[in-house]
Amino acid sequence: MKSHNRVPASILLLSLFILGLFKDMITPDYLNSPVAFFLNPQHKEYIGVLNSHLLLPFFWIKAYLYTLTFTVIPYFIIKLLYTTKYACYTLYMLLILVVAQYTLVWLENAYLNLHILPKINRYLHSPFITLFLIAALTLYNHADTEHT
């Protein structure tokens, strides 16, 4: 771990914690985000994903930027604390989660949105993945230095 970069990484991690508090006000998970009620097919004001992009573009811009923030900030945290290689792995993993989440949103499948989307949304828009990666990489690097 690069000790001289701990302060900026800690500030970024704190920002993830603070931003994570707003996930219920921004994300397209209609079960847990009251602002996304229009995506719920059982709601009387159901719009659907495609139409809502046309009618509510500000909601979608916020949602996409919010999700992008939770992919970019962990990348920079890992890059500050470890290597660019590990940061790229982090970015790829988070991008896979982003694609999975928004694929589920666009599919508009009620079963998947009920059982899978909230779980992906909760973990993607929280600092826990980043904390787990920091712990795993610290243990990995510590074990690697002991064997050399």
Side-chain angles (χ1 to χ4, degrees), residues 1-41 43 45-142:
M1 183 181 289
K2 300 176 186 175
S3 60
H4 61 281
N5 288 334
R6 283 186 181 173
V7 172
S10 298
I11 292 169
L12 287 173
L13 189 59
L14 180 63
S15 70
L16 277 182
F17 273 103
I18 293 168
L19 286 170
L21 298 174
F22 299 103
K23 74 174 134 272
D24 291 337
M25 293 181 248
I26 298 173
T27 60
D29 173 19
Y30 64 80
L31 293 175
N32 297 307
S33 300
V35 296
F37 68 93
F38 58 87
L39 293 173
N40 186 346
H43 196 276
E45 295 178 21
Y46 172 71
I47 298 174
V49 177
L50 183 59
N51 288 334
S52 66
H53 274 77
L54 301 172
L55 296 172
L56 303 164
F58 188 65
F59 170 82
W60 288 105
I61 291 169
K62 283 191 316 184
Y64 291 133
L65 289 175
Y66 186 72
T67 301
L68 184 64
T69 301
F70 276 90
T71 57
V72 172
I73 290 178
Y75 166 80
F76 284 115
I77 291 171
I78 300 300
K79 186 173 180 173
L80 284 168
L81 295 177
Y82 302 100
T83 65
T84 303
K85 179 175 105 173
Y86 293 145
C88 287
Y89 290 148
T90 300
L91 183 64
Y92 299 147
M93 178 190 66
L94 292 173
L95 286 174
I96 289 169
L97 285 174
V98 168
V99 168
Q101 177 180 356
Y102 282 99
T103 299
L104 291 175
V105 169
W106 276 90
L107 285 176
E108 297 185 77
N109 182 304
Y111 181 80
L112 296 175
N113 285 345
L114 179 66
H115 296 290
I116 297 173
L117 181 62
K119 290 158 185 66
I120 292 174
N121 189 52
R122 288 283 171 216
Y123 289 112
L124 178 62
H125 297 111
S126 76
F128 295 121
I129 292 175
T130 307
L131 288 172
F132 172 78
L133 288 170
I134 291 170
L137 290 171
T138 300
L139 290 172
Y140 177 75
N141 285 341
H142 181 68

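This chain uses plain numbering: 1 for the first residue, then up along the sequence.
Between Lys23 and Ser126 the shortest side-chain heavy-atom distance falls below 4.5 Å. Side-chain contact check for Pro74 versus Leu94: some heavy-atom pair is nearer than 4.5 Å. Between Leu114 and Leu31, some side-chain heavy-atom pair lies under the 4.5 Å cut-off. With contacts defined as side-chain heavy-atom distances shorter than 4.5 Å, the pair Ile120/Leu104 qualifies. Counting heavy atoms from C-beta on, the side chains of Val49 and Leu39 come closer than 4.5 Å. Side-chain contact between Thr90 and Thr130 is absent, with no heavy atoms from C-beta onward closer than 4.5 Å.
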Thr27 vs Phe22, side-chain contact (heavy atoms from CB on, under 4.5 Å): CA-CA, chis, key distance, verdict: CA-CA 9 Å; Thr27 60; Phe22 299 103; over 6 Å; no
Evaluation steps, side-chain contact (heavy atoms from CB on, under 4.5 Å), between Asp29 and Val105: CA-CA 8 Å; Asp29 173 19; Val105 169; over 6 Å; no
Derivation and outcome, side-chain contact (heavy atoms from CB on, under 4.5 Å), residues Leu133 and Met93: CA-CA 11 Å; Leu133 288 170; Met93 178 190 66; 3.7 Å; yes
Steps toward side-chain contact (heavy atoms from CB on, under 4.5 Å) verdict (Leu12, Leu16): CA-CA 6 Å; Leu12 287 173; Leu16 277 182; over 6 Å; no
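Annotation: Tyr123, atom OH; neighbour count of heavy atoms from other residues, nucleotides and ligands within 6.0 Å does not exceed 12. With a 6.0 Å radius and a threshold of 12 heavy atoms from other residues, nucleotides or ligands, Phe76 has its CZ atom at or below the threshold. Dense packing is recorded around CZ of Phe59, with more than 12 heavy atoms of other residues, nucleotides or ligands lying under 6.0 Å away. Counting non-hydrogen atoms of other residues, nucleotides and ligands closer than 6.0 Å to CZ of Phe17 gives a total above 12.
In this pair, Tyr89 and Tyr86 present their aromatic rings tilted. The plane angle is within the 30 to 60° band. Aromatic ring orientation, Trp106 versus His53: tilted (interplanar angle from 30° to 60°).
Nearest approach of Tyr102 to Ala63, heavy atoms of both residues: OH-O, 3.2 Å. Of all the heavy atoms in Val35 and Met25, the pair that sits closest is CG2-O, 3.2 Å. Shown here for Tyr30 and Pro41, the closest heavy-atom pair between the two residues is OH-CD, 3.7 Å. Heavy-atom minimum distance, Asn32 versus Pro118: ND2-CB, 3.5 Å. The minimum heavy-atom distance linking Leu124 with Gln101 is given by the pair CD2-OE1, 3.0 Å. Across every non-hydrogen atom of Cys88 and Tyr75, the tightest pair is N-CE1, 4.0 Å.
Atom-to-atom distance recorded for Leu95:CG and Leu68:CG is 8.5 Å, nearest 0.5 angstrom. To the nearest 0.5 Å, atoms CG (Leu56) and CD1 (Ile47) are separated by 5.0 Å. From Ile78, atom CD1 reaches atom OG1 of Thr83 across 9.5 Å, with rounding to the nearest 0.5 Å. In this structure, CG on Leu117 lies 9.0 Å from OG on Ser33, to the nearest 0.5 angstrom. A distance of 9.5 Å separates CG of Leu14 from CG of Leu19, quoted to the nearest 0.5 Å. Taking OG1 from Thr103 and CD1 from Ile96, the interatomic distance works out to 11.5 Å, rounded to the nearest 0.5 Å.
Test Asn5, Asn141, Thr138 against Tyr82 for side chain to side chain donor-acceptor pair (under 3.5 Å) and you get one pass: Thr138.
For Tyr66 and Phe70, the gap between ring centers is short of 6.0 Å.
In this structure, Thr67 contributes its side chain and Tyr64 its backbone to no donor-acceptor pair below 3.5 Å.
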